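Remarks on the structure that follows.
What you are looking at is a predicted structure, and each value in this text was computed from that prediction instead of being measured. In what follows, chains are A, B, ... by sequence order, proteins preceding strands, each numbered from 1.
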2 protein chains.
Amino acid sequence: MSIPTLEVVARAAGVSRATVSRVVNGSPTVRIESRQSVEKAIAQLGYVPNRAARTLVTRRNDSIGVVIAEPTGRLFGDPYFAEVLRGIGAGLAAREVSLVLVLSQSPDEERRAARYLTGGHVDGVILFSLHGNDPLPEHLQSRGIPVVVGGQPPHGARVSYVDNDNHGGAIAAVNHLIEQGRTRIATITGPLDMPAAVTRRLGFLEAIRAAGRTPDANLEECGGFTREGGQRAMEVLLQRCPDIDAVFAASDLMAAGALSALHAAGRRVPEDVAVVGFDDSIIALSTQPALSSVHQSMEVTGRELANVLLQTIDARDQVVRHVVLETELIVRQSSGGPPTGKN
Amino acid sequence: MSIPTLEVVARAAGVSRATVSRVVNGSPTVRIESRQSVEKAIAQLGYVPNRAARTLVTRRNDSIGVVIAEPTGRLFGDPYFAEVLRGIGAGLAAREVSLVLVLSQSPDEERRAARYLTGGHVDGVILFSLHGNDPLPEHLQSRGIPVVVGGQPPHGARVSYVDNDNHGGAIAAVNHLIEQGRTRIATITGPLDMPAAVTRRLGFLEAIRAAGRTPDANLEECGGFTREGGQRAMEVLLQRCPDIDAVFAASDLMAAGALSALHAAGRRVPEDVAVVGFDDSIIALSTQPALSSVHQSMEVTGRELANVLLQTIDARDQVVRHVVLETELIVRQSSGGPPTGKN
DNA sequence: AACGGCCCTGAGAGCGTTCTCACGCGCACG
DNA sequence: CGTGCGCGTGAGAACGCTCTCAGGGCCGTT
């Protein structure tokens, strides 16, 4: 019982192929009785349109590519990415659009991916975790392929993007630490070739200045967005400035590393040193004590990415759209928040 | 500069469409000079085969579906899933096969997914995190669509699968605890409608018996594979049997919850209670103390899934293939392993 | 010199859609 | 009663590829 063609359905319904096609695609210019007889035939025969044939003539693919470019595997351990995918799935659910995942983890695969994407196999592309100035978004865009970037795009490229408010989140985190009476606040940054890392750092500096203090370069160390990097950075910071009483880590993973280092150094958290992370991922709940963190809903981010992309595809325009999503500071024990309570 | 067709390439190379097609598909019956001239034309014009047209005639899609059915969002927080995807991507990389992600998180989306998959849009399907006796694998199989299940398939269905050695891993974990001199070993299980949870529990029981001890139902509590569930289960266990000196949790997430509960109850880990988790996910390194855990490489699992599926598709047979991957116990501080050292 | 075989090639049909165009019908209008 | 128009419909080309089949060229054999 394989899938019947339009032709077969047409015969069964006593009409022409064209009419069946019209019914399938919801054209209004079909007599009600024709429509009903076609619908009955479709139901009986279990007809499903052949996507390839449709694509061949319409030049639409009804699928979008999601590119995760992560050569280092860096963010891959980070669970945030699964959530984004779920969000994208949710954003796509209302439409018959499918999601093609393109992993590119080596220069070789990167070339393949680029070829695939420019080969007209997808109607649009969502790009992720870009580094430095990856030329891919502009390259795709110049080929007329709608593109949306998750996170800030590299180096002011003229590309649509959906991002979290990294800047505002960092400020909220630092203000919180200041309100807790902390005076020597350090930061562990991400790799500064990633826009999100840069922006979080700038938020940190701005909040420090806004409080009338002078940023101190000694209170800053890169943790590379990894757990180990965070741990090492914390060790360096403690050695350099033993009087640190608070740390803002630009990711939960790095915050977890910092907690280990603090523990090893015999500092109590939050009594001696308060710690705030960023992402509010599952990791924030697994640490001891539970980690205060800047929450960003990656699922909402994903949904928004899908929306913006679909909008761009539908409009067929070259309008660059920007969406910045709010973040929210979740206070837990690591920064002296509610000692127990809502985890 | 849109993508040229076979026709255009043929004209440029001074041959017919058929010959170009032969070159593209690597047919050996092409004169060397024809081939070269075609290859040159392809390179110059930037030709890429149109997949839709190809699919239309060959009835191959060159794409496989990966279904993540996770209505509860339960495993989604778990980062393991990103790794599996990466593995699948790696397994597919050698071939021009793309990966279509199908998220189904509601009964509605589930129906859509089933329709999509049976609609002939993919050459094969990888299924994930199935519950109870999900009929989907058998349904697809009966429609002639190659299927591979990640993890144990529901209820002895006759379906290919790739699984980790949950049984052996659990035994290794418990044996380790026994060797450490622990005498009252409890377990926190996953939801017993999931095969992996059942198997890990059976491994636990078997190891207990193999040591000449008698399993005690009081030393067993379900944690539902969630962090909160693990915490609650640990509280229940401590209340029921205050003399517990070791816990085997069937997932890292639950182990993390158990650590919180132990901490709250003033028990020292590992001095008073040793803890071993399962999965060796990123969480195992974020806990304090670092968690001993049964390691399973989800990336290898993913790669193997892709391999088995491709094999089945190529062979066009209905042979049911089973692959069981080794697990390995990683000992860290939570079970009294190396006090520092390799994290 | 005629013939069979092999190697390479090209013509052309066909895959299942969509979409343009033209046609037949019924109706209102002049 | 002819003309024009809108509505619903069908015929048929087109999309870009694969694959079968037939045929031309060249060899060795009889």
Report yes if some heavy atom in the side chain of [X] is under 4.5 Å from a heavy atom in the side chain of [Y]; otherwise report no.
X: B:His322; Y: B:Val320; result: yes
X: A:Asn50; Y: A:Thr5; result: no
X: B:Ile126; Y: B:Ile88; result: yes

_Tell me whether B:Asp123 is salt-bridged to B:Arg59, with the criterion being a basic N under 4.0 Å from an acidic carboxylate O._
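No.
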*Check the pair B:Asp163 / B:Thr301 against side-chain contact (heavy atoms from CB on, under 4.5 Å), numbers first and verdict last.*
CA-CA 7 Å; B:Asp163 197 11; B:Thr301 306; over 6 Å; no
*In residues 27-41 of chain A, which ones come under 4.0 Å of DNA chain C, going by heavy atoms?*
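None, since no heavy atom is under 4.0 Å.
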Return yes if a side-chain donor-acceptor contact under 3.5 Å exists between [X] and [Y], otherwise no.
X: B:Thr55; Y: B:Arg60; result: no
X: A:Ser98; Y: A:Arg51; result: yes
X: A:Thr29; Y: A:Arg22; result: no

*asked:* Base, sugar-phosphate or nothing for A:Arg59? Non-hydrogen atoms, less than 4.0 Å.
replied: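 Sugar-phosphate: the residue A:Arg59, judged by heavy atoms under 4.0 Å, touches backbone atoms but no base.
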*Go through residues 5-20 of chain B and report each residue with a non-hydrogen atom lying under 4.0 Å from DNA chain D, sorted by number.*
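The answer is B:Thr5, B:Leu6, B:Arg17, B:Ala18.
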*Going by number, which of residues 114-125 of chain B have a non-hydrogen atom under 4.0 Å from DNA chain D?*
none
_First-last contacting nucleotides on DNA chain C - partner chain A, under 4.0 angstrom, heavy atom_ =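 It runs C:dG16 to C:dC19.
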For nucleotides 25-27 of chain D, tabulate all protein N/O to nucleotide N/O atom pairs closer than 3.5 Å, reporting atom names and distance.
none

*Distance below 4.0 Å between B:Ser21 side-chain N/O and D:dT18 OP1 or OP2*: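 B:Ser21 to D:dT18 OP1/OP2: side-chain N or O found under 4.0 Å.
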*Which residues pass the ring-ring contact (aromatic ring centres under 6.0 Å, His included) test with A:Tyr116, sequence neighbours left out?*
A:His121
